[in-house]
Structures are given as structure tokens and as C-alpha cells.
Amino acid sequence: MNQFAPTQVIRGAAPLTGQHAPEIQAFGSVVSMPIALDEKTRRESQDNLNQLLADTITLRDLYKKHHWQVSGPTFYQLHLLFDKHFNEQNELVDEIGERIMMLGGVSVAMSADVAEMTLVPRPPRGREAVPVQISRLLHAHEIVLREARTMARLAAEKSDDGTNDLLVSNVIRTNEMQVWFVAEHVVDVPLVHANGQSAD
């Protein structure tokens, strides 16, 4: 026997689903933010950072694709390395996206929008050989690094120190380190005997 009598459900306790309304801020616009940077500077920085964000999201996802699809004698090492780099790129994605919002802008977020914006070439859906995977990653890193260096200089010229610091301390340093770790996998060196040396 139920000891508790049924109680009336208050309408306000139910979730409000299926809601629709106009956007509260258009992509590409900036709202006023009291961070001591003029609107023109904030707009230029958010435009630059959104391009970098689209390319960083693409690079991040390229790492996950290769993490899943890598094969061959270096499978174990690269499987782990690609996932590590994916996680580091994912942190950069969040930092760049949040910086755009701090500037009063709107961060690009959805994959369809990222695909339209990115400068990183789209890979095929299928698996590729490890050297090709690595070449794709290195090319994507180079795109991101070229952008980040240019954007860092522009931010410094406009006294946007927060954006400059993010680009130099986080984006550039992380990407340079990842390039080093990935590029060393395609150096053509002998594994057992050095060239011109005979075994004793």
C-alpha cells in the first residue's frame, strides 16, 4: 500500500523544450567588453582567431582520424602519440574559442562551418599509409604556425597582449613541439646498422 498520496505536478517543474528565437549575436560581430581594447582591435583579433580556430579544430580531428587508422610496425607508438597530440590540440581549441568570447566575439563551433572555413586540405575518408598521415599532419601544423606567427605580430602591434600571449605561449609552442615529435618519425635512418659500418 502506497503511504504517499499523489501530489500535483507544478507546470514550472517541467523542462521547456522545442524553443526557438533569433540569434542573440551574429557570427562576425563583437559586443562591448570592458577589457580596455577598442572595438576595431577586438574585431580584428576575433576574425583572425576564428580562422585559427577552424584550422586548429581540423588539425585536432586529423590527429583523431590518424589515431584510429594508423597501422604498421610503429602502430603502438603512433597510436599513443596521435592521441596525446589530439588532447593537446583539444585544449588549444578551447583556449582559442574562449579568447574569442572574451573579446566579445562569437567562436566558430560546428563541423560544417569549420569545414567551410579551414585552410587545411581535407583528407580522404579511408586509411592512408603512415608517411602520408604524417605528411598531412606536418602540412596542417605549418598552416597553423604560419597563421599564429602573423596573428601574434598583429596582436602585439594593437596591444592585444592577451591574444598575443595565447598565440606565442600556447599555440606556437605546442605546435612546434608536436611538429618535432611527428617529423622525427619520417627521418630515413637505418634501424640496426649505420650506413658504411660493418657489424663486428
Does the side chain of Glu91 pick up a donor-acceptor pair with the side chain of Asn170 at under 3.5 Å? no
Is Glu142 paired with Arg146 through a side-chain N to carboxylate O contact shorter than 4.0 Å? yes
So, are Lys64 and Asp83 salt-bridged, with charged N and O less than 4.0 Å apart? yes
How long is the span from the CE atom in Met151 to the CD1 atom in Ile172, to the nearest 0.5 Å? 10.5 Å
Quick check: is Trp180 connected to Val186 through a chain of hydrophobic side chains (ILVMFWY, heavy atoms under 4.5 Å apart)? yes
Is any side-chain heavy atom of Val70 less than 4.5 Å from a side-chain heavy atom of Val130? yes
Going by atom types only, do Gln69 and Gln133 share a side-chain donor-acceptor pair under 3.5 Å? no
Given 3.5 Å as the limit, does a donor-acceptor pair link the side chain of Thr58 with the main chain of Ala54, or not? yes
So which of Asp161, Leu167, Leu166, Asp165 actually passes side chain to side chain contact (heavy atoms under 4.5 Å, CB included) with Thr163? Leu167
Enter the distance from Leu78:CG to His85:NE2 here, rounded to the nearest 0.5 Å. 10.0 Å
Salt bridge check: are Glu88 and Lys84 linked by an N-O gap of less than 4.0 Å? yes
Validation row: Leu92, Thr174 side chains within 4.5 angstrom (heavy atoms): yes
Just by distance, with hydrogens left out, do Gln51 and Asp47 show a side-chain donor and acceptor under 3.5 Å apart? no
Distance from Ile143 atom CD1 to Leu119 atom CG, nearest 0.5 Å? 6.0 Å
Short side-chain donor-acceptor distance under 3.5 Å, Ser45 and Asn48: no
Any sub-3.5 Å donor-acceptor pair from Thr118's side-chain atoms to Val120's backbone N or O? yes
Asp61 and Arg122 ion-paired at < 4.0 Å: no
Taking Asn164 for the side chain and Ala155 for the main chain, is one N or O donor matched with an acceptor at less than 3.5 Å? no
Do Arg99 and Asp160 come within less than 4.5 Å of each other through their side chains, counting heavy atoms only? yes
Side chains of Leu81 and Gln178, heavy atoms from C-beta outward: is any pair under 4.5 Å? no
Aromatic plane relationship, Phe82 with His66 - under 30° parallel, 30 to 60° tilted, over 60° perpendicular: tilted
Distance from Leu154 atom CG to Arg149 atom CZ, nearest 0.5 Å? 14.5 Å
Is any side-chain heavy atom of Leu103 closer than 4.5 Å to a side-chain heavy atom of Val30? no
How many angstroms lie between atom CD1 of Ile100 and atom CD of Gln46, to the nearest 0.5 angstrom? 7.0 Å
Separation of Leu137 CG from Leu59 CG (nearest 0.5 Å): 6.5 Å
I'd like to check Met102 versus Met33 (side-chain heavy atoms, cut-off strictly below 4.5 Å). Are they in contact? no
Identify, with sequence neighbours excluded, every residue that meets salt bridge (charged side-chain N to carboxylate O under 4.0 Å, His left out) alongside Arg136. Glu128
Within the distance-only criterion (no hydrogens, no angle test), does the side chain of Arg153 pair as donor or acceptor with the backbone N or O of Ala148 below 3.5 angstrom? no
Does the side chain of Phe86 reach to within under 4.5 Å of the side chain of His67, using non-hydrogen atoms? no
Any sub-3.5 Å donor-acceptor pair from Lys158's side-chain atoms to Leu37's backbone N or O? no
Arg127 vs Ser71 side-chain heavy atoms within contact, under 4.5 Å: yes
